[in-house]
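These notes are about the structure you will find just below.
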Amino acid sequence: MGNFKSTLKKIPSNPSKKGRSKLKEPEPELEPEPQILVEENKPKYYLSNRGDENLDRQHFNHFFRKHIFGNNFSAPIGRRLAQGECKVLDVGCGPGTWLLDLAHKYKNVKFVGIDIEPTVYPNEIKPGNINFYQADIFDGLPFPDNEFDFVHQEIMALIIKADQWNFVISELIRVTKPGGFIELVEYIAPDDNGPILSKIYQTHYDLCLKRGVDTSLIPHLDNMMMSQNYISQVNKDEKTFIIGPNGGKVGITILEIIISFIMSDIATEDISFQQGIDKEEHKNRFKNLDEELKGTSPKLKLCRFWAQKNDN
Ligand SMILES: C[S@@+](CC[C@H](N)C(=O)[O-])C[C@H]1O[C@@H](n2cnc3c(N)ncnc32)[C@H](O)[C@@H]1O
């Protein structure tokens, strides 16, 4: 097994750990620094936005998901956006691809992105109708009640622990205007896997559980939304596709995304550590995945859960 050192590396901290965090505009003249605590040698590959390669994958992944649905959201908010004069929030916005894509189309809409990592989103070169802020969702969203017409959160399920989901969803609802919409977008683990893909997903599941993240909750996000105040109906928009060559172009593309994630330096480090193998062995294991996928048709789901906030 690897050497498990738990040295806390203190990187300049987020000052607002209690209560709702305050909006903090980036200071353009300062070199931005990472703002989170990293426990060295502890699983951290879910922080997959470190490094250019990971940012490229997130941009690519955004356009893949848009292609799968044929649009950027499922909630019926298009007309309101087209009319302008409304506000949209993206929580855990990463490099801001979703916001950038929409901000070009809806020039009169105000877009806001928050992320815990101030180095991932564009700080200077960006459309005038987007603002990015550093904030930690677990401190509560740094916005008043009933502020946004549309609140969106995409691919955060590897970050939110089982006991944090209710709080996070309640915050998304709190900052949404009555009559506005909330939308969560997540992948749901594949079924009909062969042995190599099963092993990948089992390891991934175990690593998540070690951090308190239970990926088996993802298919039930609609029930979690339903259990909140101000929500009386939750809708689900689901797309299913096959991973690998049996899934055509979509299957090959999603396979590339999965492989680039699993083989990234940060994932290789965590997964090989978890399995007690060296990094080369981890990489070699997946050399036969292509072959396995010719004989199997594992199905992956991409799911949008959306709801309208009631007036009372
Ligand atoms: C997998 S990325 C998804 C990015 C983006 N939503 C997308 O779909 O491309 C998850 C993002 O959540 C951010 N994040 C992690 N913990 C967070 C927290 N506590 N509060 C806000 N953002 C967080 C990460 O920095 C990362 O940019």
Give, for atom CG of D145 and atom NZ of K177, the distance between the pair rounded to the nearest 0.5 Å. 13.0 Å
Taking the side chain as every heavy atom from C-beta outward, state whether E117 and V120 have any pair of such atoms under 4.5 Å apart. yes
Check whether any side-chain heavy atom of H67 sits under 4.5 Å from a side-chain heavy atom of V250, and report yes or no. yes
Does atom OH of Y230 have more than 12 heavy-atom neighbours from other groups under 6.0 Å away? no
Between F63 and D101, is there a side-chain heavy-atom distance shorter than 4.5 Å? yes
Donor-acceptor check, side chain of R211 to backbone of L158, threshold 3.5 angstrom: yes or no? yes
Criterion side-chain contact (heavy atoms from CB on, under 4.5 Å) on V91 and L141, from CA distance to verdict: CA-CA 9 Å; V91 173; L141 289 168; 4.0 Å; yes
Please verify the inter-ring angle class for Y121 with F132; under 30° counts as parallel, over 60° as perpendicular, anything in between as tilted. parallel
What is the minimum heavy-atom distance between N146 and K309, and which atoms define it? OD1-NZ, 2.9 Å
M224-F305 co-clustered via ILVMFWY side chain contacts under 4.5 Å: yes
Taken to the nearest 0.5 Å, the spacing of N61 CG from E154 CD works out to 8.5 Å
Among L293, D191, N246, L255, the one residue meeting side-chain contact (heavy atoms from CB on, under 4.5 Å) with P298: L293
May I have the step-by-step check of side-chain contact (heavy atoms from CB on, under 4.5 Å) for D149 and V88, ending in yes or no? CA-CA 6 Å; D149 298 83; V88 175; 5.7 Å; no
When rounded to the nearest 0.5 angstrom, what distance separates OG1 in T215 from CG in L209? 6.5 Å
Apply ring pair (Phe, Tyr, Trp, His ring centres under 6.0 Å) to the pair F143 and F148, showing each step before the final yes or no. CA-CA 9 Å; F143 305 105; F148 295 94; 5.1 Å; yes
Are F241 and F64 close enough, and set up right, to give a ring pair (Phe, Tyr, Trp, His ring centres under 6.0 Å), and what steps lead you there? CA-CA 12 Å; F241 41 90; F64 173 78; 5.6 Å; yes
K301, NZ: over 12 other non-hydrogen atoms inside 6.0 angstrom: no
Atom CG of N166 and atom OG of S227: how far apart are they, to the nearest 0.5 Å? 5.0 Å
Can you tell if the side chain of S216 reaches within under 4.5 Å of the side chain of Y205, non-hydrogen atoms only? yes
Hey, what do you get for CD1 (I257) to CZ (F60), rounding to the nearest 0.5 Å? 5.0 Å
Measure from NZ or CZ of R304 to the centre of the six-membered ring of F69 and say whether it is under 6.0 Å with the direction within 45° of the ring axis. yes
Can you confirm whether I159 sits close enough to F138 that some side-chain heavy atom of one is under 4.5 Å from a side-chain heavy atom of the other? yes
I277, I259: one ILVMFWY side-chain cluster at the under-4.5 Å cut-off? no
Over all atoms of both residues, closest heavy-atom pair of F150 and A75: CE1-CB, 4.0 Å
Should I252 and L197 be counted in the same cluster of Ile, Leu, Val, Met, Phe, Trp and Tyr side chains packed under 4.5 Å apart? no
Is there a donor-acceptor contact under 3.5 Å from the side chain of Q164 to the main chain of K161? yes
Under-4.0 Å salt bridge between K87 and E147: yes
Please answer whether the main-chain N or O of A103 pairs with a side-chain N or O of N129 as donor and acceptor at a distance below 3.5 Å. yes
Surrounding NZ of K279 (heavy atoms of other residues, nucleotides or ligands, distance under 6.0 Å), is the total greater than 12? no
Is there a side-chain contact between P144 and V175 (heavy atoms, below 4.5 Å)? no
Any donor-acceptor N/O pair, D278 side chain to E281 backbone, under 3.5 Å: yes
For the atom pair CD (E186) and CG (L217), what is the distance rounded to the nearest 0.5 Å? 11.5 Å
Check the side chains of H282 and E280 for a donor-acceptor pair under 3.5 angstrom, ignoring hydrogens and angles. no
Over all atoms of both residues, closest heavy-atom pair of M226 and S232: CE-O, 3.4 Å
Locate the shortest heavy-atom distance separating V185 from H152; write the atom from each residue and the value. CG2-NE2, 3.9 Å
Spell out, yes or no, whether I130 and F73 are grouped together once hydrophobic residues are joined by side-chain heavy atoms under 4.5 Å, including indirect joins. yes
Begin from the C-alpha positions of K199 and N193 and carry the test side-chain contact (heavy atoms from CB on, under 4.5 Å) through to its verdict. CA-CA 9 Å; K199 180 110 187 144; N193 300 325; over 6 Å; no
Just checking, is any N or O donor in the side chain of N310 or Q308 under 3.5 Å from an acceptor N or O on the other one? no
Any idea which heavy atoms bring H62 and T97 closest together, and the distance? CD2-CG2, 3.6 Å
In terms of heavy-atom contacts, Q233 and N235 come closest through NE2-OD1, 3.1 Å
Spell out, as yes or no, whether a donor-acceptor pair under 3.5 Å connects the side chain of W98 to the backbone of N72. yes
Test log, rule side-chain contact (heavy atoms from CB on, under 4.5 Å), inputs L300 and Y187: CA-CA 7 Å; L300 186 64; Y187 285 106; 3.8 Å; yes
4.5 Å side-chain heavy-atom contact, C86 and K110: no
Do the charged groups of E85 and R80 touch, with an N to O distance under 4.0 Å? no
Is there a donor-acceptor pair under 3.5 Å between the side chain of E183 and the backbone N or O of S74? yes
Between P118 and N123, is any pair of side-chain heavy atoms under 4.5 Å apart? no
Are L289 and I262 connected, step by step, through hydrophobic side chains (Ile, Leu, Val, Met, Phe, Trp, Tyr) whose heavy atoms are closer than 4.5 Å? yes
